[in-house]
Amino acid sequence: MMKKLSALFIISVIFSFVAQAQTWNNTGPWPDTSWLNGTQGIAVDPDGKVWYSDYWNQDTLDDGTGTRCIYCFHPDGTPASFSPIKVINVGGPFGTYDTLGTKSTYGVKTELKTGNIIYTNSNSDVFLINYKTGDGLAKANLGIGSLACPASDTNGTIFIIDVTAGSIIKMLSWDGFSTTFTDLGNAIENTPDLSRCLEVSADGNTIYAAYLTASRGVLIYHRADEFSPYLVVDSTTFKGWAVESITMHPITGNLWLSGNSYYYTAVDSLTLQNCGQLLTKNVWYAYDFGSSAIVDSIAWLWYPHPDSLSDQQRSDLYRPRGIDFCPTGDTAYIGTFGSNVEWGIERVIRDTPYLGVE
């Protein structure tokens, strides 16, 4: 019996060591160096296609005017047949046609119930896009200002946060056939600071809202059930973090988030106090709430810039504005926002595929 227990213990130790020893390998610019860094959100759909919205005018309309675009690529880097999306048509030939044009794109996210793509912009528009065809499914204008990168739970509730302080976190849903959304009310009535993103738990009862400038950190709101109000339950775990992109890992359930950049810098004294370490600029960290610890990380590849690149240059070039994972969780796509002169997306591959939840 003791020999069996000893053997099980050894196997357990070996498995634990292997699980902790996994690394992520950054393969560099993806799909190539021509896709410049105007990234505002990255989303991976159920087929593994990678979506990102571009802040800058990267293309032109038929009349020659510049326009923002939403891009979609297959996992091998080839564009989807409908990419780039310059105009979103909702409701078919007799529906609405919205040109992206000069409306600054602020985020894309996968809607977890259907796999469709949520898109937000500076005009206070939110769209739902069919992930298989690129067609618009629903649209609403919230009239509250620029909309940051959204989030969704597995019930189909969409959570929208305004970029500016003193606004709301709105909840919407789509019934599967209408060309607009159902307004489910406000989750939060008065946001404390500027925000670029938020994430929610699978059941929608916990919101992770990232705030910048004076309130650097993530406020964690929770409700007991769908009939109860959201209340702040944690304001310290991520206090001092400068979070510009955030997502939940599809396999481990860990929360991945950027923590520091040359533009929005983390507060070192607070991150040391609350999570026990300094945060490296342009690194995304995985936080495991079960162990209350940072358990993994992914870094932006700075190549080919030399170490002598000034902080101001890096501030202008690289702000960590996008992260998402393929459905199996072992490939990540990370993106930066900047001056439109460097690549904006990188692919990072885990050296060992996930065999289950670690």
Side-chain angles (χ1 to χ4, degrees), residues 14-37 39 41-52 71-79 108 110 199 241 243-262 275 277-288 291 293-307 309 314 317-338 342-358:
I14 291 173
F15 178 80
S16 177
F17 174 78
V18 170
Q20 293 178 32
Q22 305 306 322
T23 58
W24 294 85
N25 302 301
N26 192 320
T27 65
W30 190 90
D32 55 54
T33 58
S34 65
W35 301 96
L36 303 181
N37 65 337
T39 305
I42 292 176
V44 183
D45 68 28
D47 292 338
K49 298 192 301 298
V50 181
W51 298 67
Y52 88 98
Y71 298 92
C72 179
F73 299 95
H74 294 287
D76 64 2
T78 58
V108 288
T110 305
E199 183 59 292
W241 290 50
V243 179
E244 299 182 57
S245 50
I246 186 171
T247 196
M248 201 75 73
H249 193 275
I251 302 299
T252 65
N254 292 333
L255 188 68
W256 281 81
L257 59 174
S258 64
N260 200 357
S261 75
Y262 286 89
C275 67
Q277 70 179 72
L278 298 175
L279 303 178
T280 303
K281 292 178 173 64
N282 285 57
V283 169
W284 287 260
Y285 295 92
Y287 190 86
D288 177 7
S291 61
I294 294 171
V295 295
D296 209 345
S297 64
I298 289 173
W300 182 259
L301 185 66
W302 295 101
Y303 176 86
H305 289 300
D307 292 337
L309 196 69
R314 290 192 177 189
L317 294 175
Y318 303 106
R319 304 174 199 173
R321 289 285 173 85
I323 180 172
D324 204 5
F325 294 86
C326 71
T328 54
D330 47 27
T331 299
Y333 300 89
I334 53 179
T336 59
F337 169 74
E342 295 290 338
W343 62 77
I345 302 176
E346 293 180 349
R347 183 181 61 178
V348 192
I349 300 174
R350 194 172 188 264
D351 61 2
T352 303
Y354 285 100
L355 299 178
V357 178
E358 296 177 355

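When every heavy atom of W241 is checked against every heavy atom of C275, the shortest pair comes out as NE1-SG, 3.7 Å. Looking at every heavy atom in both residues, L301 comes nearest to G28 through CD2-CA, 3.7 Å. Closest approach of G48 and P75 over heavy atoms only: O-CG, 3.4 Å. Residues W24 and R350 come closest through the heavy atom pair CE3-N, 3.5 Å. Across all non-hydrogen atoms, the minimal contact from E199 to L255 is CG-CD1, 4.0 Å. Taking all atoms of both residues into account, the shortest heavy-atom contact from G335 to I42 is N-CD1, 3.4 Å.
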* To do: Check the pair V295 / N254 against side chain to side chain contact (heavy atoms under 4.5 Å, CB included), numbers first and verdict last.
  => CA-CA 9 Å; V295 295; N254 292 333; 3.6 Å; yes

* Asked: Going through the checks in order, is the side-chain hydrogen bond (donor to acceptor under 3.5 Å, both in side chains) test met by D351 and T23?
  -> CA-CA 6 Å; D351 61 2; T23 58; 2.8 Å; yes

* For Y287 and H249, run ring pair (Phe, Tyr, Trp, His ring centres under 6.0 Å): C-alpha distance rounded to whole Å, both residues' side-chain angles, the deciding distance at 0.1 Å, then the answer. => CA-CA 10 Å; Y287 190 86; H249 193 275; over 10 Å; no

* **Evaluation steps, side-chain hydrogen bond (donor to acceptor under 3.5 Å, both in side chains), between T39 and N37** => CA-CA 5 Å; T39 305; N37 65 337; over 6 Å; no

* Asked: Hey, mind stepping through W343 and W35 against side chain to side chain contact (heavy atoms under 4.5 Å, CB included) and telling me if it holds?
  -> CA-CA 5 Å; W343 62 77; W35 301 96; over 6 Å; no

* To do: Please assess I294 against Q277 for the test side chain to side chain contact (heavy atoms under 4.5 Å, CB included), listing each intermediate value before the final yes or no.
  => CA-CA 9 Å; I294 294 171; Q277 70 179 72; 3.6 Å; yes

* When you look at Y333 and W30, which way does the side chain to side chain contact (heavy atoms under 4.5 Å, CB included) test go after all the steps? -> CA-CA 8 Å; Y333 300 89; W30 190 90; 3.9 Å; yes

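Distance check, rounded to the nearest 0.5 Å: CG of N25 to CD1 of I298 gives 10.5 Å. Rounding to the nearest 0.5 angstrom, the gap separating the SG atom in C326 from the CG atom in D45 is 11.5 Å. Within the model, atoms CD1 of I323 and CD1 of I246 stand 10.0 Å from one another, a figure rounded to the nearest 0.5 Å. Considering NZ of K281 and OG of S261, their distance stands at 8.0 Å, rounded to 0.5 Å. Atom NZ of K49 is separated from atom CG of D76 by 12.0 Å, given to the nearest 0.5 angstrom. Between R319 atom CZ and T336 atom OG1 the span is 10.0 Å, to the nearest 0.5 Å.
Considering only heavy atoms from C-beta on, Y318 stays 4.5 Å or farther from Y262 through its side chain.
Residues S245 and W284 bring a donor and an acceptor atom of their side chains to less than 3.5 Å of each other.
Within the 3.5 Å criterion, the main-chain N or O of V44 finds a donor-acceptor partner in the side chain of D324. When atom types are taken as modelled, the side chain of D32 and the backbone of S34 share a donor-acceptor pair closer than 3.5 angstrom. For T331 (side chain) and I349 (main-chain N/O), no donor-acceptor pair under 3.5 Å exists by modelled atom type.
For F73 and W51, the ring centers are positioned 6.0 Å apart or more.
Here W256 pairs with nothing under the side chain to side chain donor-acceptor pair (under 3.5 Å) rule; sequence neighbours left out. Judged as a side chain to side chain donor-acceptor pair (under 3.5 Å), and not counting sequence neighbours, N260 has no contacts. For N282, the side chain to side chain donor-acceptor pair (under 3.5 Å) test picks out no residue, with sequence neighbours left out.
Taking a cutoff of 4.0 Å between a charged side-chain nitrogen and a carboxylate oxygen, E244 and R321 qualify as a salt bridge.
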